[in-house]
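Quick notes on the structure that follows.
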Amino acid sequence: MATPMSASAFVSALKREGVKVSERYSGWRTHNRNHVGQWGGVNGVLIHHTAGRGSRALCYNGRSDLPGPLCHTHLAKDGTATMIGNGRANHAGKVARNAFNAVVNESSTHPRPSASSGTVDGNRHFYGIEIENLGTGHDPYPSVQYDAAVRWAAAICRHHGWTANSVVGHKETSIEGKPDPSFDMNRFRRDVAARLKGSASSGDSTNDSSEELNMNDKQVFEAVWGQDKLPAPSTSSTKATNKTWQPGNLLRELYDRVRELQDAVAELSKKVN
């Protein structure tokens, strides 16, 4: 069990590890749930995926039934780590005692979480990151994002003197059957361990990017055409409520407008002739 890092120490540790840190939320350093429960001592690092897109603000503000912060850091597709909270955060929930003990003991094996073993207040004992990903198994983690996640976890472990076995996925601790993250945690721990063997300033990526490059046609389509990022056309009747479009929808809209113009030109040509 360790004393939690201060906000400044957290940022410094991440930057030393080569993480691109954003402090866009000016109040993040005092944004926490410390008034409803304890924060620390800390024992480990918990990895999540967001199960959605554009979820940074949600991580900060939370929901009506679950107030923010919902993590300590949000990690975007481009590898930007936005600081969300400092202190207790609503992310881990109840952690199975057997899973918690494995983290405390830095066991090389992590048992299936069992509610019968009892539960621990995970929000008190774990740092948490939300990695932007749909969690469907078809939404890839770009190399720059995955590598930043490895560095983020390694930075915390390095600061506290922990091994990579202090890093677990929500699916490895939750008694509610949480599925996140959607990548292999054993591989992730190996990558964190490899990172910890070097210095914090090492610029070498710990990810061979095979997960990103080894994609089937459907995954490539989702990665390129499934991104709801393009600004809506200025002439769209739904622009006020639907501000961004997927590329495929924009192309279909353009196609339909071109066909309308072609039909109109054809009608005018008939009249002229």
Side-chain angles (χ1 to χ4, degrees), residues 1-6 9-10 13-14 17 32-51 59 66 69-73 75 84-131 133 135 146 149-197 206:
M1 187 176 293
T3 300
M5 289 185 284
S6 67
F10 201 169
L14 293 179
E17 206 72 40
N32 55 57
R33 301 291 294 165
N34 291 1
H35 59 288
V36 297
Q38 289 182 275
W39 168 235
V42 286
N43 297 91
V45 178
L46 198 59
I47 309 299
H48 307 262
H49 64 229
T50 60
C59 287
L66 191 66
L70 303 186
C71 60
H72 295 96
T73 307
L75 187 61
I84 298 296
N86 175 47
R88 183 183 177 91
N90 279 330
H91 73 102
K94 292 182 179 179
V95 169
R97 169 66 70 175
N98 66 327
F100 179 73
N101 288 343
V103 173
V104 171
N105 297 325
E106 293 192 305
S107 173
S108 59
T109 58
H110 292 271
R112 183 183 182 89
S114 172
S116 63
S117 67
T119 60
V120 175
D121 178 6
N123 294 334
R124 174 183 176 181
H125 296 290
F126 285 91
Y127 296 97
I129 188 171
E130 284 283 359
I131 305 173
N133 193 274
Y146 182 87
V150 170
R151 290 172 184 262
W152 184 88
I156 298 172
C157 290
R158 197 185 301 276
H159 176 89
H160 288 300
W162 297 338
T163 72
N165 289 320
S166 290
V167 182
V168 284
H170 201 191
K171 60 188 175 185
E172 296 178 302
T173 65
S174 171
I175 61 173
E176 300 172 350
K178 298 291 186 180
D180 52 323
S182 55
F183 51 68
D184 185 339
M185 280 304 301
N186 288 320
R187 175 194 170 184
F188 187 79
R189 277 187 286 272
R190 288 196 298 270
D191 290 336
V192 172
R195 177 85 202 161
L196 289 171
K197 288 180 180 178
T206 53

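Side chains included, hydrogens not; waters and symmetry mates left out as well; all remaining heavy atoms used.
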Heavy-atom side-chain proximity of F126 to V95 below 4.5 angstrom: yes
Check: Q38 main-chain N/O paired with R124 side-chain donor or acceptor under 3.5 Å: no
CZ on R190 to CG on D184, rounded to 0.5 Å: 6.0 Å
Note, I156 side chain near H159 side chain (heavy atom, < 4.5 Å): no
Value rounded to 0.5 Å, distance of CG in N86 from OG1 in T73: 10.0 Å
Lys/Arg N to Asp/Glu carboxylate O, R187 vs D191, below 4.0 Å: yes
R158 and R195, any side-chain heavy atoms less than 4.5 Å apart: yes
Closest heavy-atom pair and its distance - S174, E176: OG-N, 2.9 Å
Straight-line distance of I175 CD1 to T119 OG1, nearest 0.5 Å: 5.5 Å
Centroid-centroid distance, Y127 to H160, less than 6.0 Å: yes
NZ (K171) with more than 12 external heavy atoms under 6.0 Å: yes
Within-4.5 Å side-chain heavy-atom neighbours: I47 and I129: yes
Minimum side-chain heavy-atom gap F183-I131 below 4.5 Å: yes
Geometric class of the H91/H72 ring pair [parallel <30°, tilted 30-60°, perpendicular >60°]: perpendicular
Side chain proximity check, V167 to M185, heavy atoms < 4.5 angstrom: yes
Gap between atom OG of S166 and atom CG of L46 - 0.5 Å precision: 12.0 Å
Value rounded to 0.5 Å, distance of CG in L70 from CZ in R33: 10.0 Å
For G135 against S182, the heavy-atom pair lying closest together: CA-OG, 3.8 Å
Heavy-atom pair with the smallest gap, counting every atom of P181 and G169: CD-CA, 3.7 Å
Check: F100 and T173 side chains under 4.5 Å, non-hydrogen atoms: no
W162 side chain reached by V42 side chain, heavy atoms, under 4.5 Å: yes
Minimum heavy-atom distance between M5 and A13, given as atom pair plus value: SD-CB, 4.3 Å
Any donor-acceptor N/O pair, H125 side chain to G41 backbone, under 3.5 Å: yes
Nearest atoms (heavy-atom pairs only) where P111 meets A102: CD-CB, 3.7 Å
Gap between atom CD of E106 and atom SG of C157 - 0.5 Å precision: 7.5 Å
Whether N34 side chain and R88 backbone form a donor-acceptor pair below 3.5 Å: yes
Under 3.5 Å: donor-acceptor pair, side chain of N90, backbone of N123: no
Minimum heavy-atom distance between F188 and A149, given as atom pair plus value: CZ-O, 3.6 Å
Side chain to side chain contact (heavy atoms under 4.5 Å, CB included) evaluation trace for H110 with N165: CA-CA 9 Å; H110 292 271; N165 289 320; 4.2 Å; yes
